[in-house]
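Note on naming: letters A, B, ... go to the chains in the order of the sequence lines (proteins, then strands), and numbering restarts at 1 for each one.
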Amino acid sequence: MSANWKNRLLEHYRDHARDLPWRVRPGSNRRPDPYHVWLSEVMLQQTTVATVTPRFARFIEKWPEVSDLASASREVLLAEWAGLGYYARARNLHGCAQQVVALGGFPEDEAGLRELPGIGAYTAAAIAAIAFDADSVPIDTNVERVVARIEGIEGPLAETRSEVHDAARALWPKERAGDFAQAMMDLGATICRPKTPRCGECPVSGDCAAFATGAPEAIPAPKVRKARPERRGTAWWIERDGAVWLVRRPAKGMLGGMAALPGSEWTDGAWPEEPEQAVRHVFTHFALTLAIEPRDVPPEGEGWWQPIDRIDEAGLPTLYAKVVEAMTLVS
DNA sequence: AATTCGGGGGA
DNA sequence: TCCCCAGAATT
């Protein structure tokens with residue numbers, strides 16, 4: 001047992017690392033595939049490991065190399081992303097893959113990676129450290145929470161973020177920065193959890209200021225949450241010969257570029273009359289109740305007839321998948 | 001500095 | 001129900 005908490009953390013990581021498909025074993029001589037590291041990091045932005053794991057496998061099976069992803073069509077890529085949310089990630093993923101191919105490979109330093117679409121401060125540092133063994137400091141919410149607790153930095157992260165980041169950069173080791181990052185993230189995900197930390201299993205609790213207070217879960221302070229507005233809208237269900245009329249949403253904004261059912265705008269007001277059928281879907285910053293209105297004739301504009309028995313191939317985001325679910329349960 | 005972007009796992 | 005997740009881009 002090492003006296004230094006950073007070494008104890010790395011030893012704990014060596015013995016208890018989560019076995020994730022985009023990883024190599026800690027201490028391995030091999031480096032992970034930069035394509036795998038990049039794809040997993042983008043998928044994991046605001047998305048849990050449990051959700052990402054099966055979707056990552058499907059992407060790699062479908063597009064084994066970054067060049068395969070670059071040459072895929074935008075529509076097919078978005079359809080494969082359907083249900084994962086934050087669809088700007090999928091649009092940027094496509095552009096990023098094409099730039100990487102044009103560059104002849106991934107940039108190996110943080111600054112080069114940061115230039116690519118969909119790669120921000122965290123992801124650039126993570127790829128540089130994990131794939132290329134750079135001494136960068138990837139700070140995600142796990143790292144923020146673990147550092148805030150070890151250092152005893154109280155208050156909501158919105159107020160303490162710069163202090164926490166300074167502390168993280170100060171304590172981060174120059175060697176094995178990628179292993180240290182993954183060790184910190186595993187600790188945050190499995191032991192140093194937001195609500196009920198398992199300090200009894202933690203290899204560094206003896207060096208943790210939050211543990212010493214007796215209420216480690218109180219750091220960081222919970223964020224103040226805004227109320228979620230209610231919105232309403234209508235989706236048109238236009239069915240003919242076993243097919244339904246779909247449209248593609250505008251490239252930017254909510255569900256940008258995704259396949260969708262046609263319909264009205266979403267507004268704060270009520271409907272003229274209460275709908276017979278509706279689905280409810282909760283987004284991060286508003287909740288939507290979407291009335292389903294059967295129609296006979298497609299609206300003006302682009303669209304296509306999608307066979308309902310092959311609706312999966314359209315790649316509908318979850319909101320519209322719920323509508324399809326509701327309409328096909330009836331018949 | 002605030003807001004906009006999805007969705008689901010797990011308590 | 002509610003919280004939170006390997007954040008980025010835009011305003």
Practice prompt. Tell whether A:Thr48 reaches the base of B:dG9 with its side chain through a donor-acceptor pair below 3.5 angstrom.
Written response: no
Worksheet item: Would you say A:Tyr86 reaches B:dT4's phosphate, i.e. side-chain N/O to OP1/OP2 under 4.0 Å?
Response: no
Practice prompt. To the nearest Å, give me how far apart CD (A:Gln46) and C1' (B:dT4) are.
Written response: 12 Å
Discussion item. On DNA chain B, does the nearest nucleotide to A:Leu255 precede the nearest nucleotide to A:Arg193 from the 5' side, or the other way round? Give the residue.
Written reply: A:Leu255
Practice prompt. For B:dC5, take OP1 and OP2 only and decide whether either is under 4.0 Å from a side-chain N or O of A:His285.
Written response: yes
Practice prompt. Classify the side chain of A:Thr47 and the base of B:dG7 as holding, or not holding, a donor-acceptor pair under 3.5 Å.
Written response: no
Item to complete: Under 4.0 Å between any heavy atoms, over every strand shown, what does A:Met43 touch: base, sugar-phosphate, or nothing? Just pick one.
Response: nothing
Practice prompt. Please state the P separation for the pair B:dT4 and C:dA6 - nearest whole angstrom.
Written response: 24 Å
Item to complete: Figure out the NZ/C1' separation between A:Lys223 and B:dT3, and round it to whole Å.
Response: 13 Å
Discussion item. Within residues 51-76 of chain A, which residues have any heavy atom lying less than 4.0 Å from an atom of DNA chain C?
Written reply: none
Worksheet item: 5' to 3' on DNA chain C, which nucleotides open and close the contacts with chain A (atom under 4.0 Å from a heavy atom)?
Response: C:dC3 to C:dA9
Worksheet item: Are A:Thr196 and A:Arg193 close enough that a side-chain donor and a side-chain acceptor fall under 3.5 Å?
Response: yes
Worksheet item: Hey, which of these two, A:Ser40 or A:Gly118, hits DNA chain C nearer its 5' end, going by closest nucleotide?
Response: A:Ser40
Worksheet entry | Stacked cation flag A:Arg231 on A:Phe286, 6.0 angstrom / 45 deg | yes
Fill in: 5'-to-3' dot-bracket of DNA chain B (Watson-Crick, G-U; under 3.5 angstrom; crossing pairs as [ ]; | other strand)
|||||.|||||
Worksheet item: Can a cation-pi geometry be assigned to A:Arg55 and A:Trp22, taking NZ or CZ under 6.0 Å from the six-membered ring centre and within 45° of the ring axis?
Response: no
